[in-house]
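One structure is given here, and the rest of the page talks about it.
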Amino acid sequence: MENFAALIAASINSGTPLLIAALGLLINERAGVLNLGAEGMMLVAAIVGFAVAHQTNVPALGFLAGAVAGMLMASLFAWLALVLATNQVATGLALSIFGTGLSAFIGQSFVGQSLVPGSHGIPGLVDIPFLGKAIFGQHWVVYFSLTLCAGIVWFLYRTRAGLVLRAIGESPESAHALGYPVRKIRYLALLFSGACCGIAGAYLSIVYTPMWVEGLVAGRGWIALALTTFATWRPARVLLGALLFGSVTILQFYFQSIGIAIPSQILSMLPYVATIVVLVLISRNPDWIRLNMPASLGKPFRP
């Protein structure tokens, strides 16, 4: 039971950065903006968050710095895609490449350095048998991510602002005709997405693997993008998908620990193979995707 509790705890820990990043991406995609630069934003936020936490010994400041770094990267994308009306796909790919190089440059002096892991968990609950280790012994960002998911569900489906956001994603021209500032709302959605990707990147370098190495994010930004499609742009399904992909990631280490004779390279491929398989399966029904996808996703808006 102890091993099973540890496996659950590790799966939740692994799925948390995917959940936070995917929730942010879901918001900007619900507003009709496709940003493929999640990997670059997470990488820049990871090194900035790590650097601040390493220099100040205050992890909370690292998360704040990561969120700000993510928002700055998102602002760059917003200026190019919303103001200059560049192609969103090409701009997102360029942002991802730019972030990869920038993070490697900034992190040169931090390669191989690490942070001292802190104690986590909810006092009083962490001592409960099984549940304490599996659920209540997590970092506070894990519980923040669950609260964020619930808050986004409430925002999208229970508030007027959420209705306006979804309307802009479906028909920005109609929303503009009704007097809603489409560009401003999309810009705010991108800033929120950048902050979420920033927190997710900082979580990877401060909590998940409290050290810095080049390419630390290791494709999780792309998995987060796939999660939004897998979840058909619904926050609750994003939560389930993040836990699923987090579990697949941890399975590679679990198989190695119990001595299953599978080459480590194949085990390392599992999360990415699972991503491809899921996308292939849901793409078999294009009508289902089309009915759930925001109608203006990836399309430029010219008032």
Side-chain angles (χ1 to χ4, degrees), residues 17-51 63-108 168-169 172 182-205 212-229 233 238 272 275 279 293-294 296-302:
L18 295 177
L19 173 61
I20 298 174
L23 287 173
L25 294 169
L26 181 145
I27 289 296
N28 69 242
E29 290 185 12
R30 277 288 194 172
V33 182
L34 179 63
N35 183 3
L36 299 181
E39 184 81 2
M41 292 192 295
M42 291 176 68
L43 276 168
V44 172
I47 179 54
V48 171
F50 177 84
F63 283 107
L64 179 60
V68 172
M71 292 173 70
L72 289 175
M73 292 287 285
S75 295
L76 176 60
F77 175 87
W79 178 70
L80 292 170
L82 301 183
V83 178
L84 301 184
T86 58
N87 181 278
Q88 294 181 15
V89 173
T91 304
L93 292 173
L95 185 70
S96 184
I97 297 170
F98 171 70
T100 301
L102 181 61
S103 65
F105 175 74
I106 297 174
Q108 286 180 345
I168 288 174
V182 173
R183 280 185 177 171
K184 179 181 178 180
I185 292 173
R186 284 185 165 180
Y187 181 77
L188 292 175
L190 282 168
L191 285 182
F192 177 81
S193 173
C196 287
C197 287
I199 294 172
Y203 184 88
L204 288 169
S205 61
W212 171 253
V213 292
E214 187 176 335
L216 177 73
V217 175
R220 289 180 178 86
W222 301 109
I223 295 178
L225 280 163
L227 261 179
T228 59
T229 305
W233 296 272
V238 168
Y272 311 104
T275 303
L279 289 176
M293 182 178 69
S296 68
L297 183 61
K299 300 176 183 177
F301 168 69
R302 295 182 176 86

Does anything in residues 195-204 pair up under side chain to side chain donor-acceptor pair (under 3.5 Å), and if so which pairs, sequence neighbours excluded?
->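 As it turns out, the side chain to side chain donor-acceptor pair (under 3.5 Å) pairs with a partner in residues 195-204, which skip direct neighbours, are N13-Y203.
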
Sequence neighbours left out, what pairs pass side chain to side chain donor-acceptor pair (under 3.5 Å) with at least one residue falling in residues 188-202?
->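 Of all non-adjacent pairs touching residues 188-202, those that pass side chain to side chain donor-acceptor pair (under 3.5 Å) are N28-S193.
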
Shortest non-hydrogen contact between [X] and [Y], atoms and distance:
X: V33; Y: F77; result: CG1-CE2, 3.6 Å
X: N35; Y: G92; result: OD1-CA, 4.0 Å
X: M41; Y: M73; result: CG-CB, 3.6 Å
X: A224; Y: A21; result: CB-CB, 3.9 Å
X: G194; Y: A74; result: CA-CB, 3.8 Å
X: A38; Y: C197; result: CB-SG, 4.2 Å

What's the separation between atom [atom1] in [X] and atom [atom2] in [Y], rounded to the nearest 0.5 Å?
X: I168; Y: R183; atom1: CD1; atom2: CZ; result: 12.5 Å
X: L26; Y: L225; atom1: CG; atom2: CG; result: 11.5 Å
X: I185; Y: L190; atom1: CD1; atom2: CG; result: 12.5 Å
X: R30; Y: T228; atom1: CZ; atom2: OG1; result: 10.5 Å
X: Q108; Y: E214; atom1: CD; atom2: CD; result: 8.5 Å
X: L25; Y: C196; atom1: CG; atom2: SG; result: 8.5 Å

Is I47 close to S205 at the side-chain level, that is, under 4.5 Å between some pair of heavy atoms?
->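 No, side chains not in contact.
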
Does any non-hydrogen side-chain atom of V238 lie less than 4.5 Å from one of W233?
->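 They are not in side-chain contact.
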
Without swapping roles, check the side chain of E29 against the backbone of L34 for a donor-acceptor pair under 3.5 Å.
->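 No, E29 side chain to L34 backbone: no donor-acceptor pair under 3.5 Å.
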
Can you check whether L80's main-chain N or O pairs, donor with acceptor, with T86's side chain at less than 3.5 Å?
->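 Yes, T86 side chain to L80 backbone: donor-acceptor pair under 3.5 Å.
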
Out of V44, L204, T100, I223, which residue meets the side-chain contact (heavy atoms from CB on, under 4.5 Å) rule with V217?
->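 That would be L204; it is the only one of V44, L204, T100, I223 passing the side-chain contact (heavy atoms from CB on, under 4.5 Å) with V217.
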
Candidate pair T91 and L84, rule side chain to side chain contact (heavy atoms under 4.5 Å, CB included), full reasoning = CA-CA 11 Å; T91 304; L84 301 184; over 6 Å; no

Of all residues at least two apart in sequence or in a different chain, which pass the ring-ring contact (aromatic ring centres under 6.0 Å, His included) check with F301?
->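 F301: ring-ring contact (aromatic ring centres under 6.0 Å, His included) contacts with H176.
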
Would F50 and L216 count as a side chain to side chain contact (heavy atoms under 4.5 Å, CB included) if you check the C-alpha gap in whole Å, the side-chain angles of each, and the deciding distance to 0.1 Å?
-> CA-CA 11 Å; F50 177 84; L216 177 73; over 6 Å; no

Apply the test side chain to side chain contact (heavy atoms under 4.5 Å, CB included) to residues L36 and W222: give CA-CA distance (whole Å), side-chain angles for both, the deciding distance (0.1 Å), then the verdict.
-> CA-CA 8 Å; L36 299 181; W222 301 109; 4.2 Å; yes

